[in-house]
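Everything below concerns the one structure shown next.
The residues of the chain are indexed from 1 along the displayed sequence.
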Amino acid sequence: MSSQYNINMYAPTMLVFKEHIHKPADVVQARGMKKQVIDDFISTNKFLLAARLTNQKLFQELCPVRKSHRQRKFCVVLLTGEGEPFQKTYESFLAFASANTKDTVRFVHVYKDRQRELASSVLGEDVHSAHSSVSILERRNSAGRIVYKTLAHIWSGSEDNKFSLLDFLDRLRKDPSVLSSETNLSDLNDELAPMFVLRWMYTAFDYWSDAWESVLHNNWREMMPLLSLIFSALFILFGTVIVQAFSDSNDERDSVPSDKEESGDKERNSEANYSKESSSRVPRKGFVEVTELTDVNYTSNLVKLRPGHMNVVLILSNSTKASLLQRFAQEVYMFTGSSSLHFSFLNLEKHREWLEYLLEFAQDAAPIAYQYDEHFLERDYTGYVLALNGHKKYFCLFKAQSTLEDEKLLDEAEHCPPGGGGGDTLRKISLGSGSGHIKKKLNKLSLWMERLLEGSLQRFYIPSWPTLD
C-alpha cells in the first residue's frame, strides 16, 4: 500500500476512500497525529462525493438551509433509476462531481422510484420518463420551501450535458435568481427504516425455521450437545444468583457485630483499630500507598530514582508506627495526585545511623548527637519527614512539631550535669504523652508539602547516598 499510494512511512498517514476504491479521496499526514486532526479530517470527509439521499436527516445535512447570503448551499441532484441501465449516467455524474468540488455546491443523487414526492415536485410531468435528469435546488427554510431549476436536457453523461451544467453553475454563482421555480417539499421517504425491519424479521424467521427443522428431523443424539450447553448455562446462571444471595445475607449479618465482640477485637488487635479508623477518616476515593524503605528497595526507590521524582520519607518507630502513619496519610493525601511524588517510611530503630549521617548535612537541623554524646541512642527523630531527590542528591527536612513542654525538657536536659538525670528527661521526650501527642508531631506537614512543590524549601546537598544496612 505504501508503494501503491506513495506514502511516506516516517509519519502517520490517514487515507479516506469514497466511490473510487482504488484511489484515495483525501490524505492527511502529520508527525503528531492528534485527536483534533483526526476528528477534523473525518468530519470534512463525512459524505461521499455524490451521496444518495435516503432520508430527511441526510437531506438536511447535505443541503442545509441557508443562514445568510454568504453561506449559500446549492444541491445538484441527479434523479435517476436503479440498475445496470443507469450505471453509465451515474458514473458520468460522479466524474463531474469529482472535478468540480466547491464549498457552495453539493452533488447528490436519488432514485426516482424510492423518492416519488421529490421527483414529482421538481420534474412535474417528466417524472415517468425513463431517462435521468439533473435539478439544482436550494432550501430556504426548514418547513420544506425550496427554489430549484431543472435542466431542459436529459442527463446522458455526454460532453454537452457537462458543459451545459458547468455553464449553469457559473451563472448561479453570479446570480442566484436563475433558480426560478419554487415549491414546498414534504419529508423524504426513509428508505433504511423499513428495510432494516424487514431484514430483521427475515433473519429471525430463518433462525426459527432452522431450529424447528433441527428439532423435527435430527435425532436426539445429535441434539444432546446443544441441550447440554443450554442446561449448563442455565445451571451456572441460577447457581451464581443463589450464591450471591447467600453471600449478601452473610455480609449483612456480619456487618452488625455486638458490642462485646467489638470490644474484644479492640483488645486483641490494635492494627485492626488503626485500619478501621483510617478508613473512616481517609476519603474513600483513594488511599496513600506508603512503602517501607529497606535495603531491598533502597536502590530503586532512592538511589536510581527517575529525574524530577522525589521520595517523601516519614521517620517512625515500632511504637509510633500506627499513629504516625495514619496522620501522615491524612496530611499528604491531597498531594497523591502528583505522579512525581512517592511516599515511604523508615524505621528509626533499624536505620538510625543512616538518618544521623544525613542530618549532619542539615545545617539548621535539631542538635545532632555524635558518637561521644552519652544520650546518642536516646535522640527522638520520630515524626521527621525527609523529601529525598535521588537524582540530584539533595533532601529537604521537616522537623517534628515540638510542644512547649518538650522544649523545656530539652533545655533541662542540656543544662543538667553528667549523671544528674538528663537521660531520664530525654527519655520522657521520646516517650511523649500518648497517641495524641505523637500525632501532633506532623502538624503543618501539609503546608510544608505545598512549599516543597513550590520549590521554596531549603535544600541540603550530600556527596553521595550512604548505604542502608
Measuring from R352:CZ to S317:OG, what's the distance to the nearest 0.5 Å?
-> 9.5 Å

For atom OH of Y461, decide whether the heavy atoms of other residues, nucleotides or ligands shown that lie under 6.0 angstrom number more than 12.
-> yes

Taking all heavy atoms of F343 and all of T336, pick out the closest pair and write down the distance.
-> CE1-CG2, 4.0 Å

Do any N or O atoms from the side chain of N141 and from the backbone of R145 form a donor-acceptor pair under 3.5 angstrom?
-> yes

Would a 4.5 Å heavy-atom cut-off, applied to side chains only, mark S344 and Y298 as touching?
-> no

How are the rings of F395 and F460 set relative to one another: parallel (under 30°), tilted (30 to 60°) or perpendicular (over 60°)?
-> tilted

Any chance you could measure Q29, atom CD, to L15, atom CG, to the nearest 0.5 Å?
-> 9.0 Å

Supply the atom-to-atom distance S319 OG to E349 CD, rounded to the nearest 0.5 angstrom.
-> 6.5 Å

Worked check of side-chain contact (heavy atoms from CB on, under 4.5 Å) between K18 and S98 = CA-CA 11 Å; K18 295 187 178 181; S98 302; over 6 Å; no

Are L359 and Y381 close enough, and set up right, to give a side-chain contact (heavy atoms from CB on, under 4.5 Å), and what steps lead you there?
-> CA-CA 10 Å; L359 292 180; Y381 296 109; 3.5 Å; yes

Fit a plane to each ring of Y90 and H109, take the angle between them on a 0 to 90° scale, and name the class: parallel (under 30°), tilted (30 to 60°) or perpendicular (over 60°).
-> tilted

Evaluate the side-chain contact (heavy atoms from CB on, under 4.5 Å) criterion for residues F59 and V108: first the C-alpha distance (whole Å), next the side-chain angles of each, then the deciding distance (0.1 Å), finally the verdict.
-> CA-CA 9 Å; F59 183 40; V108 296; over 6 Å; no

Test V385 against every option in I315, V313, L314 by the side chain to side chain contact (heavy atoms under 4.5 Å, CB included) rule and name the one that passes.
-> L314

Can you name the closest pair of heavy atoms from L442 and R327 and give their distance?
-> CB-CG, 3.9 Å

Between the main-chain N or O of F205 and the side-chain N or O of S209, is there a donor-acceptor pair closer than 3.5 Å?
-> yes

Quick one: CG on L49 to CG on N100, what's the gap to the nearest 0.5 Å?
-> 11.5 Å

How long is the span from the CD atom in E450 to the CZ atom in F335, to the nearest 0.5 Å?
-> 4.5 Å

Rounded to the nearest 0.5 Å, what's the gap from CG on L468 to CH2 on W354? Could you check?
-> 6.5 Å

Min side-chain heavy-atom separation T13-M1 under 4.5 Å = no

Return the minimal non-hydrogen interatomic distance between Q115 and E191, and the atom names on each side.
-> NE2-OE2, 2.8 Å

Which heavy-atom pair separates Y394 from C396 by the least distance, and what is that distance?
-> CE1-SG, 4.3 Å

What is the ring orientation for F93 with F107, classed by angle as parallel under 30°, tilted 30 to 60°, or perpendicular over 60°?
-> perpendicular

How far apart are the C-alpha atoms of E331 and W448, what are their side-chain angles, what is the distance that settles it, and do they pass the side-chain contact (heavy atoms from CB on, under 4.5 Å) test?
-> CA-CA 10 Å; E331 291 288 331; W448 183 83; over 6 Å; no

Shortest non-hydrogen contact from E138 to K73?
-> CG-O, 3.8 Å

Shortest non-hydrogen pair, F345 vs K321, comes out as CZ-CE, 4.0 Å

Expected output: side-chain R106 to main-chain V77 donor-acceptor under 3.5 Å | no

